[in-house]
Amino acid sequence: MSENIRVRFAPSPTGYLHIGGARTALFNWLFARHNKGTFVLRIEDTDRERSTDEYIEAIIEGMKWLGLDWDEGPVRQTDRFDVYKKYVGKLLEEGKAYYCYCSPEELEANRKEAMKQGRSLKYSGKCRGLKEPVPGIEPVVRFRMPQQGSTYVDDMVKGHVVFENEQLDDLIIQRSDGTPTYNLTVVVDDVDMAITHVVRGDDHLNNTPRQVQLYEALGYETPKFAHLPMILGSDKARLSKRHGATSVMAYYEMGYLPQALVNYLVRLGWSYGDQEVFSMEELVQYFSFENVGKAAAVFNPEKLLWLNQQYIIQSPNETLAEQVIPFLEKEQVIQAGQQQDMKWLAKAVGTLRERSKTLVEMAQSLRYYIDEDIEYEEKAKNKFLKEESRELLVELKEGLESMSEFTEQEIENLFRSIAERKEVKLGKLAQPARVALTGGTQSPGIFEVLDVMGREKTIRRLERAIDSI
RNA sequence: GGUCCCAUCGUCUAGUGGCCUAGGACGUCGGCCUCUCACGCCGAAAACACGGGUUCGACUCCCGUUGGGAUCACCA
């Protein structure tokens, strides 16, 4: 690969960081890191009506959470209006751009008419040859698009794409209020920032020939392009809110690990043989546009959930304990800011790791270890906390009281010896105990549960269960 | 409608002319393990959109059809 690769992620702050944008950012980041290049964050906020500082913050927050760090920026386009002005002036001077006095209403009417007649919706070129300004109207500036020949786009994922120039219309590069538009700013900035590879969604593919013409008019070499296929919802329409959560941070709130989301996103469109689970290091090492597919991909929440569980299973207990705390606070299992016994929490988390698909689930399960009082599930209570289990629970309680060492192994020995003595299967004792301790019929292994819960709390709960029978 | 892109199991994908009796993963179904639930393990069903070429030979190359998507703003 060539030296000094420079890429950018250029979101428009008109919304939070969503799944599609995150994947674009991720592919840029991976390409930069793989090639030891530079990753620039640029905020495309020329639409002052819809851009907000809150969204800029939200995008940054999302990228940080995913672990996508950038080397330069964030650069805001609104800080660079004088630069764009200069380039527009240059194009105007060289006759490569011209003033257009057509009103938005007029243009809209033309488009409607063209649509009705089934023609292309291209601008008529009415003001192309105008020599004198039209008084009383603040004009826009249009780029004089070549009308002969073809424009070639050599794309790293789509291959060679050809556009006939006669299909391209004279796009507006400066609004009547003097602000520049996207197609101009994107080219100027990519030139100014020495971007070598433009990696973005393939919804931009149709804009690319126009931008290529702009590069040429400005006298610059075009960068390489990589247009990534879209992410679709289950109905194959472009992914949107009605398909469920699309905000990256919504996945944080639902208890997903950032690495799991990254891993899932990268596999939408990219593959490395049959491998499904990747570390960040592997991703950086293996990433290449050669393995990026051309077809749009459907977002599949079930597979993401599975991956999240895989990452939870692989995570060290101590890390998970740290990560689950905000969720314990949110579920009001613990109080915010309260000091925690992290060693104990890590142990508790260890018993839940293999049965939690998200941190939210984990926090909810942790409740029965932490709360002083538990609620019995109605069905569980009726089935297991009844007369025939009473004596077993009493025996268990007494056994625990007289146990010298309260260890998982000793607990197991006690359970088994009671079951044997009473000539019942282990489950006859374990299930009532489980309900007594956790309130439900599903939990980690009963010996671990006792071990984590500790002798005092265990005995208190057994007493309460016995009394309730 | 014009232009552009795309097309392998329900979904994500492997496959770059013979290795394909089309592989893996999620999900689904069945089984094993077992104190419950999970995890794990074993197994099953499940796809090359269609039609023409090219070739000794096409999932792979070409053309067309069909289907899907994107785009056509003084948004980005």
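Below, read A as the first sequence line, B as the second, and so on, with proteins coming before strands; counting in each chain starts at 1. Keep in mind it's a predicted model, so treat the numbers as computed, not measured.
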Suppose we define a pair by two distances each less than 3.5 Å, Watson-Crick or G-U wobble; what does [N] pair with here?
{"N": "B/A44", "result": "B/U28"}
{"N": "B/G2", "result": "B/U71"}
{"N": "B/U66", "result": "B/A7"}

Residues which pass ring pair (Phe, Tyr, Trp, His ring centres under 6.0 Å) with [X], listed by chain and number, not counting sequence neighbours:
{"X": "A/Tyr182", "answer": "A/His204"}
{"X": "A/Tyr286", "answer": "A/Tyr272"}
{"X": "A/Tyr311", "answer": "none"}
{"X": "A/Phe278", "answer": "A/Trp270"}

Base versus backbone protein contacts along nucleotides 32-38 of chain B [heavy-atom cut-off under 4.0 Å; B, S, -]: ---BBBB
Under 4.0 Å protein heavy-atom contacts per nucleotide of nucleotides 12-19 of chain B, with B for base, S for backbone only and - for none: BSS-----
Describe the nucleic acid contact of [X] in one word from base, sugar-phosphate, nothing, applying a heavy-atom distance below 4.0 Å.
{"X": "A/Leu107", "answer": "sugar-phosphate"}
{"X": "A/Thr46", "answer": "sugar-phosphate"}
{"X": "A/Val162", "answer": "sugar-phosphate"}
{"X": "A/Arg50", "answer": "base"}
{"X": "A/Val161", "answer": "sugar-phosphate"}

Please list all pairs meeting salt bridge (Lys or Arg N to Asp or Glu O under 4.0 Å) that have one or both residues in [range], counting only residues at least two apart or in different chains.
{"range": "residues 141-168 of chain A", "value": "A/Lys158-A/Asp202"}
{"range": "residues 180-193 of chain A", "value": "A/Arg8-A/Asp190, A/Arg42-A/Asp189, A/Arg42-A/Asp190, A/Arg80-A/Asp189, A/Arg80-A/Asp192"}
{"range": "residues 348-360 of chain A", "value": "A/Arg355-A/Glu448"}

Which pairs of donor and acceptor atoms, one on a side chain in residues 439-446 of chain A, lie under 3.5 Å apart (sequence neighbours left out)?
{"residue": "A/Ser443", "atom": "OG", "partner": "A/Arg434", "partner atom": "NE", "Å": "2.7"}

Pairs where residues 288-306 of chain A contributes a residue and the test side chain to side chain donor-acceptor pair (under 3.5 Å) is met, not counting sequence neighbours: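 For residues 288-306 of chain A, and leaving out neighbouring residues, the side chain to side chain donor-acceptor pair (under 3.5 Å) pairs sorted by first residue read A/Glu276-A/Lys303.
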Close approaches to RNA chain B from residues 202-209 of chain A, in residue order (heavy atom, under 4.0 Å):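 Correct list: A/Asp202, A/Asp203, A/His204, A/Leu205, A/Asn206, A/Asn207.
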